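Reminder, nothing fancy here: chain letters follow the sequence lines and each chain counts from 1. This structure is a prediction, so every number in the text was calculated from the model and none was measured.
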Amino acid sequence: DGGITQSPKYLFRKEGQNVTLSCEQNLNHDAMYWYRQDPGQGLRLIYYSQIVNDFQKGDIAEGYSVSREKKESFPLTVTSAQKNPTAFYLCASSTGPFPPFHNEQFFGPGTRLTVL
Amino acid sequence: SQQGEEDPQALSIQEGENATMNCSYKTSINNLQWYRQNSGRGLVHLILIRSNEREKHSGRLRVTLDTSKKSSSLLITASRAADTASYFCATDAGNQGGKLIFGQGTELSVKP
């Protein structure tokens with residue numbers, strides 16, 4: 001099956017700890033994205049990557065870090081500098097942002113992070 | 001920054017009725033997309049409408065786009081209980097490296 005997976009589904013973190021959320025896709029997509037969703041809210045972009053070994057900050061990058069060493073993988077680290085990390089984190093991928101592609105995004109099932 | 005604003009925030013209807021959700025945005029766009037999210041799940045792409053299109057259909061879905069008013073609407077006809085979900089619009093400005101800007105969403109409840 002082709003798709004995008006995220007793990008773990010639920011994650012608990014103690015204050016002061018860094019945690020890493022996994023995102024893997026086998027769709028052969030160039031672009032990958034990380035979003036944060038708070039209850040009753042829309043999605044806010046944390047980081048995105050258009051190609052391997054390159055990534056850009058989104059609207060709320062502070063306290064987060066990413067890497068893109070492989071096309072299939074785009075892990076997100078939530079650092080202790082993120083003051084309010086409890087949220088639902090969604091990873092997405094798309095074929096790419098350049099014409100003729102229209103940037104339809106495919107989403108993973110999400111990781112719910114709770115800070116204890 | 002949230003470009004899209006959706007209206008209403010919540011909508012409750014009976015099965016068989018039509019549901020209409022609206023989305024307004026602020027800047028020029030390359031395309032506008034609608035997504036659906038079931039509670040606690042990831043988003044699923046429903047339909048994409050390009051800036052030079054005015055209306056698009058997909059099954060029971062009808063999307064309109066008015067670029068002069070910077071607004072779009074999603075109509076779900078003959079709704080079913082299984083349509084219960086949150087619906088989000090997302091805009092692609094076309095010059096921001098593939099970034100989508102999502103609205104706050106409309107929470108639709110379809111009662112059997």
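- Within a 6.0 Å radius of CD in A/E62, no more than 12 heavy atoms belonging to other residues, nucleotides or ligands are found.
- A/E104 and B/Q33 make their closest contact through CA-OE1, 3.5 Å (heavy atoms, listed as atom of the first residue, atom of the second, distance).
- Counting heavy-atom pairs closer than 4.5 Å to chain A, the top-ranked of the candidates B/G40, B/S86, B/A10 is B/G40.
- Atom OH in B/Y35 sits 5.5 Å away from atom CZ in A/F107 (nearest 0.5 Å).
- B/L61 is connected to B/L32 through a chain of hydrophobic side-chain contacts under 4.5 Å among Ile, Leu, Val, Met, Phe, Trp and Tyr, so both are in one cluster.
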Practice task
Report the C-alpha separation of A/Q105 and B/L43 in whole Å, then their side-chain angles, then the decisive distance to 0.1 Å, and conclude whether the side chain to side chain contact (heavy atoms under 4.5 Å, CB included) test is met.
Solution key: CA-CA 9 Å; A/Q105 294 188 9; B/L43 277 69; over 6 Å; no
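- The cluster map of Ile, Leu, Val, Met, Phe, Trp and Tyr, joined by side-chain heavy atoms under 4.5 Å apart, puts A/W34 and A/L11 in the same cluster.
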Problem - Worked check of side chain to side chain contact (heavy atoms under 4.5 Å, CB included) between A/Y48 and B/L100 - result: CA-CA 11 Å; A/Y48 64 108; B/L100 291 181; over 6 Å; no
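- Nearest heavy atom pair, residue A/F88 against residue B/Q37, reads CE2-NE2, 3.9 Å.
- The environment of CD in A/E69 is sparse: at most 12 heavy-atom neighbours from other residues, nucleotides or ligands sit within 6.0 Å.
- Other residues, nucleotides and ligands contribute only 12 or fewer heavy atoms inside 6.0 Å of the CD atom of B/Q9.
- By the criterion of side-chain heavy atoms lying less than 4.5 angstrom apart, applied directly or through intervening Ile, Leu, Val, Met, Phe, Trp or Tyr residues, A/V52 is not grouped with A/F74; the two fall into different hydrophobic clusters.
- Using a 4.5 Å cut-off between heavy atoms, A/Y35 contacts chain B through its side chain alone, with no backbone atom that close.
- The shortest heavy-atom contact between B/R41 and A/L90 is O-CD2, 4.3 Å.
- Only the side chain of A/Q37 comes within less than 4.5 Å of a heavy atom in chain B; its backbone stays farther off.
- Placement of A/I46 and A/V115 in two distinct hydrophobic clusters is found when ILVMFWY residues are connected by side-chain heavy-atom separations under 4.5 Å, directly or transitively.
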